Participant: 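Take this structure, written in structure tokens, and hold onto it; I'll ask about it next.
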Amino acid sequence: LWIHVAIAFLMFPAAIFLMRRFSIGLKMTDTNLKITRTIAIENIPEKVCNIEDIKQHLSETYPDFMIFDIQVVYNVTKLTALSLKLENVVDSKRFCEKYKTRNNLDLEMVPVGGARCCKCFCLPC
């Protein structure tokens, strides 16, 4: 048992070194990082959440920045989910357009899950 623990402790730094060494050439970029001019401020009580007061406060605190619009939103859970779905649709459309220009073929959508793997999934259709 102790020999396995010792080997694990020796292999862990080696694994990290190898991953760092070989990940240099991958040139991966994070597509989720988007630069926007939007800020989100949370936990402002509804009683003091007045658009004019917020605009005045931001103008006095940050005079170098222009304020174009202020929106007050109380529950953004559904909005966040819809925004993620919209990003997925836009990315998918962009991928399909690039695929069509490169290969001159249209992509086909198979609406039944697992239909390519096993034909028995298509029987109820």
Side-chain angles (χ1 to χ4, degrees):
L1 176 70
W2 290 107
I3 191 74
H4 291 97
V5 172
I7 291 174
F9 275 109
L10 291 175
M11 294 300 286
F12 185 69
I16 291 175
F17 172 74
L18 288 174
M19 281 190 265
R20 285 191 172 188
R21 176 84 171 103
F22 290 111
S23 66
I24 292 171
L26 293 179
K27 294 185 170 63
M28 294 179 61
T29 58
D30 189 5
T31 59
N32 292 332
L33 296 176
K34 294 185 178 178
I35 299 172
T36 63
R37 294 182 177 182
T38 305
I39 60 170
I41 303 171
E42 297 179 354
N43 298 326
I44 299 176
E46 286 186 43
K47 294 177 182 177
V48 295
C49 190
N50 185 0
I51 292 176
E52 294 300 321
D53 292 340
I54 295 172
K55 192 170 191 172
Q56 179 184 356
H57 171 73
L58 291 173
S59 298
E60 291 172 359
T61 308
Y62 307 103
D64 297 337
F65 296 100
M66 294 280 299
I67 299 171
F68 296 107
D69 189 24
I70 294 178
Q71 298 291 326
V72 178
V73 181
Y74 295 106
N75 188 3
V76 295
T77 308
K78 187 176 179 181
L79 184 64
T80 305
L82 288 174
S83 174
L84 284 174
K85 285 183 181 181
L86 179 64
E87 286 182 27
N88 287 338
V89 169
V90 170
D91 290 342
S92 300
K93 183 180 177 188
R94 191 176 303 131
F95 172 77
C96 291
E97 289 170 350
K98 285 182 182 179
Y99 182 85
K100 185 173 183 174
T101 57
R102 287 181 188 157
N103 301 333
N104 202 16
L105 293 172
D106 287 331
L107 289 175
E108 288 186 30
M109 183 173 182
V110 181
V112 180
R116 291 185 184 262
C117 301
C118 182
K119 298 293 182 187
C120 63
F121 287 115
C122 291
L123 291 177
C125 297

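In this chain, numbering begins with 1 at the start of the sequence shown. Remember, predicted model here, so these are calculated numbers, not experimental data.
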Participant: How long is the span from the OH atom in Tyr62 to the CD1 atom in Ile39, to the nearest 0.5 Å?
Facilitator: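 Output value for this atom pair is 7.5 Å.
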Participant: Ile7: what forms a side-chain contact (heavy atoms from CB on, under 4.5 Å) with it, not counting sequence neighbours?
Facilitator: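 Per chain and number, Ile7 pairs via side-chain contact (heavy atoms from CB on, under 4.5 Å) with Ile3, Met11.
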Participant: Within the 3.5 Å criterion, strictly below it, is a donor on Glu60 or Gln56 matched to an acceptor on the partner's side chain?
Facilitator: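 The criterion, which ignores hydrogens and geometry beyond distance, is satisfied for Gln56 and Glu60.
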Participant: Who else is in the cluster with Leu86 when I, L, V, M, F, W and Y are joined by side-chain contacts under 4.5 Å?
Facilitator: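 Leu86 clusters with Val90.
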Participant: In Å and rounded to the nearest 0.5 Å, what is the CG to CD1 distance from Asp53 to Ile44?
Facilitator: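 Output value for this atom pair is 10.5 Å.
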Participant: Could you check if a side-chain atom of Ile51 sits within less than 4.5 angstrom of a side-chain atom of Val72, using non-hydrogen atoms only?
Facilitator: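 Ile51 vs Val72: side chains touch.
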Participant: Hey, are the side chains of Lys93 and Glu97 touching, using non-hydrogen atoms and a 4.5 Å cut-off?
Facilitator: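 When only atoms from C-beta onward are counted, Glu97 and Lys93 do touch, with a gap below 4.5 Å.
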Participant: How many angstroms lie between atom CD1 of Ile67 and atom CG of Leu58, to the nearest 0.5 angstrom?
Facilitator: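 So the gap between those two atoms works out to 4.5 Å.
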Participant: Which pairs with one or both residues in residues 63-73 pass side-chain hydrogen bond (donor to acceptor under 3.5 Å, both in side chains), sequence neighbours excluded?
Facilitator: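 Passing the test, one end in residues 63-73: Asp69-Gln71.
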Participant: Does Leu18 share a hydrophobic cluster with Leu10, counting links as ILVMFWY side-chain heavy atoms below 4.5 Å and allowing steps through other members?
Facilitator: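 Shared cluster, no.
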Participant: Hey, what else clusters with Ile16 if you join Ile, Leu, Val, Met, Phe, Trp, Tyr whenever side-chain heavy atoms sit under 4.5 Å?
Facilitator: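 ILVMFWY cluster around Ile16 also holds Phe12.
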Participant: In this structure, are over 12 heavy atoms from other groups packed under 6.0 Å from Asn104 atom CG?
Facilitator: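 Not buried by this count: 12 neighbours or fewer within 6.0 Å.
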Participant: Report the hydrophobic cluster partners of Leu107, with the cluster defined as I, L, V, M, F, W, Y residues connected by side-chain heavy atoms closer than 4.5 angstrom, directly or transitively.
Facilitator: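 Hydrophobic cluster check, Leu107: joined to Phe95, Tyr99, Leu105.
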Participant: What distance separates Cys96 SG from Asp91 CG, expressed to the nearest 0.5 Å?
Facilitator: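 Reported to 0.5 Å precision, the distance equals 11.0 Å.
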Participant: Side chain to side chain donor-acceptor pair (under 3.5 Å) with Lys55: which residues, sequence neighbours excluded?
Facilitator: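 So Lys55 forms no side chain to side chain donor-acceptor pair (under 3.5 Å) with any residue.
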